[in-house]
> 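Dumping the structure here so I can ask a few things about it.
The residues of the chain are indexed from 1 along the displayed sequence.
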Amino acid sequence: MSLIGSKKFEKVSEEIFGLDENIKYFALIDLEGHILVENSKDSTSFVETDAEKILFYHQMGTRRSKREDFDDVCGETSYVHIQRKKIQQLVVYLPLVTIYLMIDNQVKPNELAFIANRAQKIDKEKLNQVLNNILMHGNF
């Protein structure tokens, strides 16, 4: 679901894109892997079809769930960094939502850690407003 341009979600989009100028795309995903909000700096998508996107995010929810199996032994996962040939992916785990970011390859690993830490401190009030609105209206 794309909520680009929706006034309700502009503040969250601004805050996430404000983390770093090299963020190209973001999505907020619930714990089961449903897309709650997504936005892109350009109109291109990283997948060809909505079915591929649904599968991708569902798998992301499954991976998060599997990582949580090791929380007692290793501690909670804060974020996951994936380096690809064309783009970097940063997956940041918050208590009720996962933030998925696509970031330009020019960003260095130490800068990615800084972005992940800033994402974990996103304005909880703005994020909670978005989540409450989605839950109240069933918009996912």
Side-chain angles (χ1 to χ4, degrees):
M1 166 200 326
S2 179
L3 298 169
I4 298 169
S6 173
K7 295 281 184 198
K8 295 178 246 180
F9 305 103
E10 281 181 14
K11 290 182 181 180
V12 171
S13 287
E14 288 172 9
E15 185 143 359
I16 291 175
F17 284 127
L19 296 173
D20 190 275
E21 64 186 16
N22 293 299
I23 295 173
K24 305 296 181 197
Y25 171 90
F26 85 88
L28 298 179
I29 302 115
D30 73 7
L31 299 178
E32 285 99 36
H34 298 107
I35 303 167
L36 302 174
V37 178
E38 65 177 340
N39 202 341
S40 177
K41 282 190 175 174
D42 57 32
S43 60
T44 60
S45 178
F46 70 98
V47 292
E48 295 296 321
T49 67
D50 284 340
E52 289 174 334
K53 190 180 293 190
I54 290 168
L55 179 61
F56 178 83
Y57 289 124
H58 175 73
Q59 290 173 348
M60 186 176 290
T62 301
R63 284 189 298 273
R64 177 176 177 157
S65 175
K66 294 297 179 190
R67 282 190 181 94
E68 289 173 350
D69 291 344
F70 299 98
D71 284 358
D72 289 341
V73 175
C74 302
E76 293 180 358
T77 302
S78 298
Y79 66 92
V80 176
H81 170 233
I82 301 152
Q83 178 71 50
R84 294 189 170 265
K85 197 172 210 173
K86 295 181 180 180
I87 197 98
Q88 297 182 81
Q89 298 169 306
L90 190 62
V91 182
V92 181
Y93 295 148
L94 301 178
L96 298 176
V97 70
T98 301
I99 300 174
Y100 171 72
L101 304 170
M102 291 178 65
I103 302 172
D104 192 282
N105 266 344
Q106 70 183 5
V107 178
K108 305 287 183 235
N110 62 330
E111 296 172 58
L112 288 168
F114 182 69
I115 294 169
N117 288 328
R118 289 183 66 199
Q120 289 170 334
K121 295 174 184 167
I122 272 182
D123 186 329
K124 304 291 189 259
E125 186 175 317
K126 289 178 192 170
L127 192 56
N128 284 335
Q129 287 174 354
V130 169
L131 296 176
N132 287 334
N133 191 295
I134 289 168
L135 293 172
M136 284 180 10
H137 296 93
N139 287 338
F140 66 91

> If you measure from OH on Tyr57 to CG on Asp30, what distance do you get to the nearest 0.5 Å?
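It comes to 12.0 Å.
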> With sequence neighbours excluded, what pairs up with Arg63 under the side-chain hydrogen bond (donor to acceptor under 3.5 Å, both in side chains) test?
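Partners of Arg63 by the side-chain hydrogen bond (donor to acceptor under 3.5 Å, both in side chains) criterion come out as none, since no residue qualifies.
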> Would you check if Ile122 and Val12 make a side-chain contact, meaning some heavy-atom pair closer than 4.5 Å?
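Ile122 vs Val12: side chains apart.
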> Looking only at heavy atoms, which two atoms of Leu19 and Arg118 are closest? And how far apart?
O-NH1, 2.6 Å
> CD1/Ile103 to CD1/Ile115 distance, rounded to the nearest 0.5 angstrom?
4.0 Å
> What pair of heavy atoms forms the shortest contact from Leu90 to Leu112, and how long is it?
CD2-O, 3.8 Å
> Could you note down all residue pairs passing side chain to side chain donor-acceptor pair (under 3.5 Å) where residues 106-116 supplies at least one of them, sequence neighbours left out?
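Listed once each, the pairs are Asn22-Gln106.
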> What closest approach, in Å, do Arg64 and Val97 show between heavy atoms, and which atom pair accounts for it?
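So the two residues come closest at NH1-O, 3.2 Å.
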> I need the single residue from Phe26, Tyr93, Phe56 that forms a ring pair (Phe, Tyr, Trp, His ring centres under 6.0 Å) with Tyr100. Which is it?
Phe56
> Return the set of residues passing salt bridge (charged side-chain N to carboxylate O under 4.0 Å, His left out) with Glu14 (not counting sequence neighbours), or none when no residue passes.
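Result, salt bridge (charged side-chain N to carboxylate O under 4.0 Å, His left out) vs Glu14: none returned.
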> So, for Phe17 and Tyr25, which heavy atoms are closest and what is the spacing to 0.1 Å?
CE2-N, 4.1 Å
> Output a table of donor-acceptor pairs, distance under 3.5 Å, between side-chain atoms of residues 70-87 and any protein atom two or more places apart or on a different chain; print 'none' if there are none.
| unit_1 | atom_1 | unit_2 | atom_2 | d |
| --- | --- | --- | --- | --- |
| His81 | NE2 | Gln88 | OE1 | 2.7 |
| Gln83 | NE2 | Asn105 | OD1 | 2.8 |
| Arg84 | NE | Gln89 | OE1 | 2.9 |

> Taking the side chain as everything from C-beta on, heavy atoms only, tell me whether Leu28 gets closer than 4.5 Å to Ile99.
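The answer is yes, as the side chains (C-beta and beyond) meet within the 4.5 Å cut-off.
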> Do side-chain atoms of Lys41 reach the backbone of Ile23 as a donor and acceptor pair under 3.5 angstrom?
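Pair found, side chain donor or acceptor close to backbone of Ile23.
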> If you round to the nearest 0.5 Å, how far is CG of Leu101 from NZ of Lys24?
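Atom-to-atom, Lys24:NZ and Leu101:CG are 12.5 Å apart.
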